[in-house]
Amino acid sequence: TIRSDIRAPGLKSVADHQNYGDEVPAGALLYPSRFIDSGISGKDFLEARSKEEIAEIFTAAGENIDEDHIAAIFSQAATLDPKGRVSIESFRRTLNGS
């Protein structure tokens, strides 16, 4: 979690040893995600996205899914979140589970 008791400076210095709670854990440094070289973090997979954006991402990844099936999977994935938000991860899990 990000600490709220100590404000992080606008520009961090390598000489600043204060932990502000926003550093990645050691495990992420030792075993980074396979997508990190492309500039994609794990948080990117959990970000809420529109149906159109998810369809574009999965199509670009080589998935051949028709629009009706995308809409059905998106609606089903939306039920996993209390606010109806859908991420790449929730869409992928729903797609693989169907």
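Heavy atoms from other residues, nucleotides or ligands lying under 6.0 Å from CD of Glu53 number more than 12. Counting non-hydrogen atoms of neighbouring residues, nucleotides and ligands closer than 6.0 angstrom, the CG atom of Asp66 exceeds 12 such neighbours.
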* Kindly determine whether Leu95 and His69 satisfy side chain to side chain contact (heavy atoms under 4.5 Å, CB included), including the steps that lead there. => CA-CA 9 Å; Leu95 178 65; His69 193 56; 4.0 Å; yes
* Asked: Ile88 and Arg49: side chain to side chain contact (heavy atoms under 4.5 Å, CB included), yes or no, with the steps?
  -> CA-CA 7 Å; Ile88 293 171; Arg49 300 180 187 272; 3.4 Å; yes
* **Chi angles and distances behind the side chain to side chain contact (heavy atoms under 4.5 Å, CB included) call for Phe74, Thr94** => CA-CA 8 Å; Phe74 190 89; Thr94 306; over 6 Å; no
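In plain terms, the two heavy atoms of Asp44 and Gly39 that are nearest each other are OD2-O, 4.0 Å. Residues Arg85 and Ala48 share a closest heavy-atom pair of CB-CB, 3.8 Å. Ala55 and Ile70 make their closest contact through CB-CD1, 3.7 Å (heavy atoms, listed as atom of the first residue, atom of the second, distance). When all heavy atoms are compared, the tightest approach of Pro9 to Asp16 is CG-OD2, 4.0 Å.
No donor-acceptor distance shorter than 3.5 angstrom exists from the side chain of Ser90 to the backbone of Val86, with no hydrogens or angles considered. When atom types are taken as modelled, the side chain of Ser38 and the backbone of Ile40 share no donor-acceptor pair closer than 3.5 angstrom. A donor-acceptor contact shorter than 3.5 Å links the side chain of Thr79 to the backbone of Gln76.
Cluster membership for Leu46 and Phe35, using ILVMFWY side-chain heavy atoms within less than 4.5 angstrom, is not shared.
Atom-to-atom distance recorded for Phe91:CZ and Asn96:CG is 10.0 Å, nearest 0.5 angstrom. Taking CD of Glu56 as the reference point, atom OG of Ser50 lies at 8.5 Å (rounded to 0.5 Å). Taking CD1 of Ile54 as the reference point, atom CD1 of Ile65 lies at 10.5 Å (rounded to 0.5 Å). Note that CG of Leu80 and CD of Glu89 are 10.5 Å apart. Values are rounded to the nearest 0.5 Å.
Using a cutoff of 4.0 Å between basic side-chain nitrogens and carboxylate oxygens, Lys43 and Glu47 are not scored as salt-bridged.
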